[in-house]
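To keep things clear, I will list the structure first and then write my remarks on it.
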Amino acid sequence: MKGLNPCGIIIFGASGDLAHIKIFPALYNLWDEGFFPDNFFITGFARTKMDDEQFRKTIYDSMNIYCRKRPIDVKHFKDFSKHINYLSMSYNDIKSYESLKTFTETKSKEYGMPKNLIFYLSTPPSVYQDVVEGLNNSGLASNKEQKDGFSRIVIEKPFGYDYESANELNSDILSAFQERQIYRIDHYLGKETVQNILAFRFANAIFEPVWNNKYIDHIQISALESIGVGSRAGYFDNAGIIRDMMQNHMLQLLSLVAIEPPAIFDADDLSNEKAKLLKSVRRLTINDVRNNVVRGQYDRGTIGDNEEALSYREEKGIPVDSITDTYVALKLYIDNYRWAGVPFYIRSGKRIKEHKTEIAIYFKKLPHSLFGKNSVENLEQNIITITIQPNEGIELKIGAKSPGFKMEIEPVELSFFYKSSFKGTPPEAYERLLYDIMEGDQTLFYRTDNMLISWKLIGDIINGWKSLPAPMFPNYESGSWGPKEADELINKDGRAWHNEI
Ligand code: NDP
Ligand code: BG6
């Protein structure tokens, strides 16, 4: 990666979790690896009263817990933190934005740099509109990439609550910023293995010819977590897994595994292909929602050997009668030439037995077996597994002759693991995304049309649920693989979830 342009990064909601856990550690790592120029500044903007030194201390403390390069050397951090300031301001007061404008102008002059500004909205979504208005009214959101600098806005997820609210929020942002200034974050797109899906498919000649309904039986996409709702009860209980994971991360994974090759790897071409793909996903009717979507909520249980977990309804801040989904499994079809007839099984849940995010591509069974004892039925299918986490890599399951005098076939794996092939750790998702924002590269961010189509697809499910009877929650034990209905969803098609042991 090359060195970055001088810029000022303003983080709204800088007193919060995301700033401390993800954004600052990522900025520090980029700085530590020498990507930042000498002239840059980072400004925290939030209501909590703190001075610069107090703010820097909160950042230092959290970096020692969350930064991949911990422990952090105090003297080294001091060099970094000279670039950090904090403004205690109000989100809905124009004077705050006028002061911010003066502040950024002073800083830009002090550093002798163009007015390159990045506004990172790391607040709850209820604050987005105020910030966008403040930036617009104060002139901080200059409507174009000007000669004397740029303005870019970064929006965290969730981007809206449903199609209508997402559309409204988008229009508000578009009244102040142009599409090429907007960076909608889906941190999954910053993960190395997620980017590697495209490399695997399009940088190798051997996979693309079989990447279609002639050879592929079905595809499974799973994002399973052993953690529960944690401290995010207020947010999560309004969202559920359907909005928290499915609308964004899971549909983005689906897009990458199923899109047509873009002409080149750039933001526009990739977004065009993703939009085409998402438009081809078959919309779900109420019957599909009844038969092909399973929702679950976790009960008490044991995670690992001895972590006793509360049920979702017992978690702090969750209503005792909550019907929010902490697990969703569904079956989708993509109605296009490449994928006609291939089911995509997608699932995501919290408090599941194992933490793993993976895509498993199941190839069709052999038409005929030469090996007497190994009938077509008991020869395992070829499976490509792309593991996004925790053990990033790609495996291909093949049949091989087992040693001995008989011709017997056993499944074995051809494997590539990041850790062994590329020594060292890859940059974290937020490092990659922040680097790209500073570079002005939108390839790993999602465009308006992609975001809105995703909401339409997820809206079919949410609306379907409204007219179906309320589920009997809780319906799966913490530490299990999810509700039994999810097994039935895939078992009734003569298939099973990948690697449940
Ligand atoms: P927080 O709840 O910690 O909020 C961040 C800051 O926003 C707070 O410290 C607070 O600062 C300010 N704030 C302004 N208005 C409110 C309000 N009504 N209620 C609470 N805080 C308010 O959020 P996170 O840092 O966890 O997340 C920021 C954004 O990133 C959210 O949109 C979230 O959905 C998203 N996100 C978070 C992830 C995470 O792991 N935390 C993961 C993925 C996305 P002050 O009072 O000082 O102004
Ligand atoms: C976030 C969701 O976007 O992704 C969380 O809000 C979830 O609920 C998290 O835990 C998972 O991210 P990762 O990178 O740990 O897979």
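Order of appearance sets the numbers: ligands from 1, and atoms from 1 within every ligand.
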Tell me the protein heavy atom at minimum distance from atom 7 (C) of ligand 2, and give that distance in Å.
Glu225 OE2, 3.5 Å

Contact (N/O only, under 3.5 Å) between Arg232 and ligand 2:
yes

So Trp497 and Tyr345, would you call those rings parallel, tilted or perpendicular, with 30° and 60° as cut-offs?
perpendicular

Quick check on contacts: which atoms of ligand 2 are under 4.0 angstrom from a heavy atom of Lys157?
1 (C), 2 (C), 3 (O), 6 (O)

Is there a nitrogen or oxygen of Gln389 sitting under 3.5 Å from a nitrogen or oxygen of ligand 2?
yes

Side-chain contact test, heavy atoms from C-beta onward, threshold under 4.5 Å: evaluate it for Glu439 versus Phe35 and give yes or no.
no

When you measure from the heavy atoms of Asp244 to every atom of ligand 2, does any distance fall below 4.0 Å?
yes

Closest protein heavy atom to atom 14 (O) of ligand 2, given as residue, atom name and distance to 0.1 Å:
Lys191 NZ, 2.6 Å

Among Lys191, Glu192, Glu225, Glu358, which residue meets the side-chain hydrogen bond (donor to acceptor under 3.5 Å, both in side chains) test with Gln389?
Lys191

Taking 4.0 angstrom as the limit and counting only heavy atoms of Lys350, give me the atoms of ligand 2 inside it, by number and element.
5 (C), 7 (C), 8 (O), 10 (O)

Enclosure of Lys57 NZ (heavy-atom neighbours >12, cutoff 6.0 Å)
no

Atom 12 (O) of ligand 2 has as its nearest protein heavy atom His187 NE2, 3.2 Å

Under the ring pair (Phe, Tyr, Trp, His ring centres under 6.0 Å) rule, what do Phe416 and Tyr418 come out as? Steps first, then yes or no, please.
CA-CA 7 Å; Phe416 143 69; Tyr418 260 80; 5.3 Å; yes

Under 3.5 Å, is there a donor-acceptor pair linking the side chains of Thr324 and Asp237?
yes

Is Arg447 positioned over the aromatic face of Phe445, cation under 6.0 angstrom from the ring centre and no more than 45 degrees off axis?
no

Go through the side-chain N and O atoms of Asn248 and Asp186 and say whether any donor and acceptor fall under 3.5 Å apart.
no

State, without any angle test, whether Glu179 and Thr448 hold a side-chain donor-acceptor pair at a distance under 3.5 Å.
yes

So Met246 and Leu251, side chain to side chain contact (heavy atoms under 4.5 Å, CB included) or not? Walk me through it.
CA-CA 6 Å; Met246 287 285 174; Leu251 288 182; 5.8 Å; no

Applying a 4.0 Å heavy-atom criterion (strictly less than), which segment of Phe236 is in contact with ligand 2: side chain, backbone, both, or neither?
neither

Contact set, ligand 1, heavy-atom distance under 4.0 Å, ordered by chain/number, equals Gly13, Ser15, Gly16, Asp17, Leu18, Ala46, Arg47, Thr48, Tyr91, Ser122, Thr123, Pro124, Pro125, Val127, Tyr128, Glu156, Lys157, Pro158, Arg232

